[in-house]
Amino acid sequence: MDKEYTMHDIVEMKKQHPCGSKLFKITRLGADIKIKCEQCGRVIMMPRRDFEKRMKTVK
């Protein structure tokens with residue numbers, strides 16, 4: 001089951017960020033995916049495989 005997502009989509013992750021938010025904005029796509037926390041602005045980069053396992057929904 002592949003979930004469709006593109007640049008600048010807001011995604012909800014399964015686990016929340018330490019600041020308390022579960023919403024992140026996709027800022028880079030490729031082999032690695034960069035997401036930015038919508039609440040505190042922290043940037044996280046992770047492999048696409050990990051991202052797809054941790055992503056819950058696309059808003």
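Remember, predicted model here, so these are calculated numbers, not experimental data.
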Looking at M7 and T27, what are the two nearest heavy atoms and their distance?
CE-O, 3.2 Å
Other than M45, which residues form its hydrophobic cluster under the rule that side-chain heavy atoms must be closer than 4.5 Å?
none
Is L29 reachable from I44 through a run of I, L, V, M, F, W or Y residues, each pair having side-chain heavy atoms under 4.5 Å apart?
yes
Summary of ring pair (Phe, Tyr, Trp, His ring centres under 6.0 Å) pairs that have at least one residue in residues 31-53, sequence neighbours excluded:
Y5-F51
Separation between CD of E38 and CZ of F24, rounded to the nearest 0.5 Å
9.0 Å
So how far is it from R54 CZ to I35 CD1, rounded to the nearest 0.5 Å?
8.5 Å
Under the salt bridge (charged side-chain N to carboxylate O under 4.0 Å, His left out) definition, can you give me all pairs with a residue in residues 11-27, not counting sequence neighbours?
E12-K59
Around atom CZ of R48, are there more than 12 heavy atoms of other residues, nucleotides or ligands at under 6.0 Å?
yes
V58 versus E4: any side-chain heavy-atom pair under 4.5 Å?
no
As an exercise, state the distance from CG of D9 to OG1 of T57, rounded to the nearest 0.5 Å.
11.0 Å
Cluster question for you: counting only ILVMFWY and a side-chain heavy-atom cut-off of under 4.5 Å, with indirect links fine, are M55 and M46 together?
yes
dist E52:CD -> R49:CZ (nearest 0.5 Å) comes out at 10.0 Å
Using side-chain heavy atoms (C-beta onward) and a distance below 4.5 Å, is H17 in contact with Q39?
no
ILVMFWY cluster, M13 and I26 together (side-chain gap under 4.5 Å):
yes
